Amino acid sequence: MENIRLRFAPSPTGALHIGGIRTARYNFLLARKYNGTFVLRIEDTDQTRYVPGAEEYILDALRWCGLSPDEGPGIGGDYGPYRQSERKSIYLKYAEQLVASGHAYYAFDTPEELAILRSRAESDGNTFKYDAKVRHQLTNSLTISQEEVHERINRGDDYTIRLAVPQDELVLIDDLVRGRVQFHTNELDDKVMLKSDGMPTYHLANIVDDHLMRITHVIRGEEWLPSTAHHVLLYRFLGWEETMPAFAHLPLIMKPNGKGKLSKRDGAKLGIPVFPLSWKGPTPENTFIGFREFGFLPEAVNNFLAFLGWNPGTDQELFDMADLTRAFSVEKIGKSGARFDFDKARWFNQQHLIKMKSEDLLPWVKPIISEKGHHPDDAFLLSFINLMKERVHVLPEFWDQGNYFFTDYTHLDEKMVRKKWKPELREAFNHLEALIQTIDDFNAENIQHHVKYFITEKELSFGAILPILRLSLTGTTKGPDVFATMVLLGKPEVTRRISNSYLHFDKITG
RNA sequence: GGCCCGUUCGUCUAGGGGUUAGGACGCAGGAUUUUCAUUCCUGAAACACGGGUUCGAUUCCCGUACGGGCUACCA
């Protein structure tokens, strides 16, 4: 595996969903594992589907995921340009070479004519296929004279160049994931190589570029498997079969309900992210929330994604990027489609959150708190993160579950107050408040010691006091250790909240 | 419809001719006598079906069913 080169080749037609990120991830992983090169190529040959901003999104998304390309548009490299629209003339040359060697031909049939043939066949219960059986009845350089071909081209008639797929041959593909797959050429159509606007189709561009860019392995989605036979034929006809890259077709990521492959819409429908980053489209229907905005760590997203269709063969599930690179192998990629399981994604995120050092989490949590208008110092934030990180799944929950550390709580669990507050506790709480005032060294151990003493003194129980104490401090019965919470809140705030809470409590129970 | 790919707990999966079919998420119960969470323990839960091959198939082969993909001058 020397000098391996892999590429990720998305088309800039909008936001890139996580299926694409997984494909990029696998390509990246294999490249890194063998000290190879990871190339980004933009496949913008369909000018009608070009979406402004999409290319930028792709690069941003890759970078956020830690998948920065070694070569690509805006990055450079020895095999550029890396945007197919900028390589137009290259494809024409090879398309014409294909015609010259008899493996392709000029076709003048218009889309309208073909549509008619298609619908006619359909009404007869058949399907129309532009192939060896019918190409001699259609308008192309095989059926009209060379003069007429030149004449039509010279006068500016629209034409395409189609691949002349031979008859009665077997095309063998040794897929790294699926083993040997074979296609019979009689089932293959004469695919368009060069479109009438002068742009190549994916099929031609991808083969020409993979060859010219010295790509050694093509890892892509299973949706490409059926056209791989055409691709093999192209390598053969262009004389490049010796250096043809190895193919690995990935199982698809399926919708959470298992019905079909995951699509952009599924996210909005279920209220879950299926994109790495948020994407603002022209309409609400084309606007999507990303894993980043949802509060996921890129490492967790990658860990989760890597396991959709791959596993190391051990019981280990938690991987950082470096571990993943070490453990990854194409042989361990599965064959069957993997369902997108958001609960598992949340679990991965939680585990990564727990595993991370609080210092490393600081830059992720800080913006969430400051967004709410609070700017505590790092030491405070660090203690806060320590207390909270093992009870949140996604970043915004640091605020949702811990906002009372920064401001008076806005929500009080009245049901629990009714359950725990007895008016006769008021006297005890007054004592407790006074007792807390006297604690000089306000650390958790010390506070606990005093509170414990107080409880036994008053012949009360932990279970009677602590929940209501927590309620008075945080408004909820859930949360980190009460004494640790008190330390972080600080003595003045603790006593303030305790004395303030009587009013609310009496009102609720009274 | 045609072609191609696939099928182990609800989900992600390990395994592979003879296993109590393993792990993880989720779910249920329990422990950690302040909650929540973490952590730990326990539990329910799977080899699609039918034929072969074999002493023996979940594992190999062939069918069937089911699922998925492709079937554009889209990628």
Side-chain angles (χ1 to χ4, degrees), chain A residues 9-13 43-46 48-49 84 107 109-111 114-115 118 122 125-130 158-162 173 175 177-178 181-184 186-189 191-197 199-203 205-206 220-229 249 251-252 254 256 258-261 304 307-318 332 334-348 350-351 354 387-393 401 416 448 451 455 461-471 474 476-483:
Chain A
S11 65
T13 55
E43 310 232 328
D44 55 350
T45 54
D46 186 352
T48 65
R49 294 214 301 159
Q84 291 185 327
D109 320 271
T110 66
L114 294 174
R118 217 160 259 131
E122 210 170 301
N126 300 316
T127 39
F128 171 77
K129 194 165 54 165
Y130 206 126
D158 275 353
Y159 69 93
T160 63
I161 291 179
R162 281 180 181 272
I173 298 154
D175 189 274
V177 171
R178 280 147 221 288
V181 180
Q182 45 176 262
F183 293 88
H184 200 99
N186 294 6
E187 275 136 25
L188 273 30
D189 66 338
K191 282 218 181 308
V192 171
M193 297 289 105
L194 204 72
K195 300 184 272 190
S196 58
D197 65 357
M199 278 291 192
T201 57
Y202 167 84
H203 306 290
N206 136 72
R220 70 202 335 181
E222 192 188 1
E223 71 265 32
W224 293 109
L225 191 52
S227 55
T228 306
H249 287 95
L252 266 14
M254 314 299 282
K259 295 256 170 251
K261 66 172 171 177
F304 164 64
F307 270 74
L308 246 32
W310 171 86
N311 82 87
T314 65
D315 280 350
Q316 188 186 349
E317 290 202 88
L318 262 21
K332 286 294 199 179
K335 293 177 172 61
S336 45
R339 231 179 263 201
F340 180 83
D341 179 359
F342 190 60
D343 277 337
K344 191 94 183 218
R346 283 170 55 83
W347 177 80
F348 270 110
Q350 180 190 38
Q351 293 300 313
I354 291 170
L387 255 29
M388 296 302 294
K389 68 174 177 181
E390 68 188 23
R391 55 201 94 223
V392 302
H393 285 82
Q401 294 180 26
M416 287 311 288
Q448 175 161 16
V451 173
I455 285 171
S461 72
F462 255 54
I465 294 303
L466 259 12
I468 195 69
L469 177 59
R470 179 189 295 282
L471 237 14
T474 70
T476 169
T477 53
K478 303 171 178 179
D481 176 81
V482 193
F483 307 110

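These numbers come from a predicted model, not from an experiment. In the text below, chain A, chain B and the rest are named by the order of the sequence lines, each starting its count at 1.
Within 4.0 Å of A:Gly309, counting heavy atoms only, lie sugar-phosphate atoms of the nucleic acid but no base atom.
Judged as a ring-ring contact (aromatic ring centres under 6.0 Å, His included), and not counting sequence neighbours, A:Phe462 has no contacts. The ring-ring contact (aromatic ring centres under 6.0 Å, His included) search around A:His393 returns none, not counting sequence neighbours. Here A:Lys344 pairs with A:Glu317 under the salt bridge (Lys or Arg N to Asp or Glu O under 4.0 Å) rule; sequence neighbours left out. Partners of A:Asp44 by salt bridge (Lys or Arg N to Asp or Glu O under 4.0 Å), not counting sequence neighbours: none found. The salt bridge (Lys or Arg N to Asp or Glu O under 4.0 Å) check on A:Arg391 picks up nothing, with sequence neighbours excluded. Every residue was checked against the ring-ring contact (aromatic ring centres under 6.0 Å, His included) condition with A:Trp347, not counting sequence neighbours, and none meets it. Qualifying salt bridge (Lys or Arg N to Asp or Glu O under 4.0 Å) partners for A:Asp189, counting only residues two or more places apart in sequence or in other chains: A:Lys191.
Both distances falling under 3.5 Å, in either a Watson-Crick or a G-U wobble arrangement, place B:A65 opposite B:U7. The partner of B:G1 is B:U71, judged by Watson-Crick or G-U wobble contacts that both fall below 3.5 Å. B:U58: no Watson-Crick or G-U partner with both key distances under 3.5 Å is found in any strand. Nucleotide B:U34: unpaired (no Watson-Crick or G-U wobble partner with both distances less than 3.5 Å).
Residues A:His249 and A:Arg220 have side chains in contact (heavy-atom distance under 4.5 Å, counting atoms from C-beta outward).
As rounded to whole Å, 11 Å separates atom C1' of B:C36 from atom CE of A:Met416. For the pair A:Lys335 NZ and B:U13 P, the interatomic distance rounds to 12 Å; values are reported in whole Å. Atoms CZ (A:Phe307) and C1' (B:U13) sit 9 Å apart, rounded to a whole Å. Atom C1' of nucleotide B:U11 and atom CZ of A:Phe340 are separated by 13 Å, given to the nearest angstrom. Rounding to whole angstrom units, NZ of residue A:Lys332 and C1' of B:C12 are separated by 15 Å.
Taking the six-membered ring where the residue is Trp, A:Phe348 and A:Phe307 present tilted rings, their angle falling between 30° and 60°.
Separation of the P atoms belonging to B:G52 and B:A46 is 27 Å when rounded to the nearest angstrom. Only the P atoms considered, B:A28 is 41 Å distant from B:C61, to the nearest whole Å. With both ends at atom C1', the span from B:G26 to B:A45 equals 11 Å, rounded to whole Å. Across the P atoms, B:U64 and B:C4 are found 13 Å apart, a figure rounded to whole Å. Remark: the separation of the C1' atoms in B:C60 and B:C47 is 15 Å, to the nearest Å. Rounded to whole Å, the separation between the C1' atoms of B:A21 and B:U71 comes to 40 Å. One C1' atom belongs to B:G15, the other to B:C62, and the distance between them is 24 Å to the nearest Å. A gap of 8 Å separates the C1' atoms of B:A48 and B:C66, to the nearest Å.
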Task: Contact pattern, 5' to 3', of nucleotides 20-35 of chain B - B, S or - by protein heavy atom under 4.0 Å - done: ---SBS--------BB

Task: B/S/- contact track for nucleotides 68-75 of chain B, protein heavy atom under 4.0 Å - done: SBS-SBBB

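For the OP1/OP2 pair of B:A14 and a distance below 4.0 Å, the side-chain nitrogens and oxygens of A:Asn311 include at least one atom meeting the criterion.
Where A:Gln182 and A:Arg339 meet RNA chain B, the nucleotide closest to each residue was compared, and A:Gln182 sits on the side nearer the 5' end.
Between A:Phe304 and A:Phe342, the gap from one ring centroid to the other reaches at least 6.0 Å.
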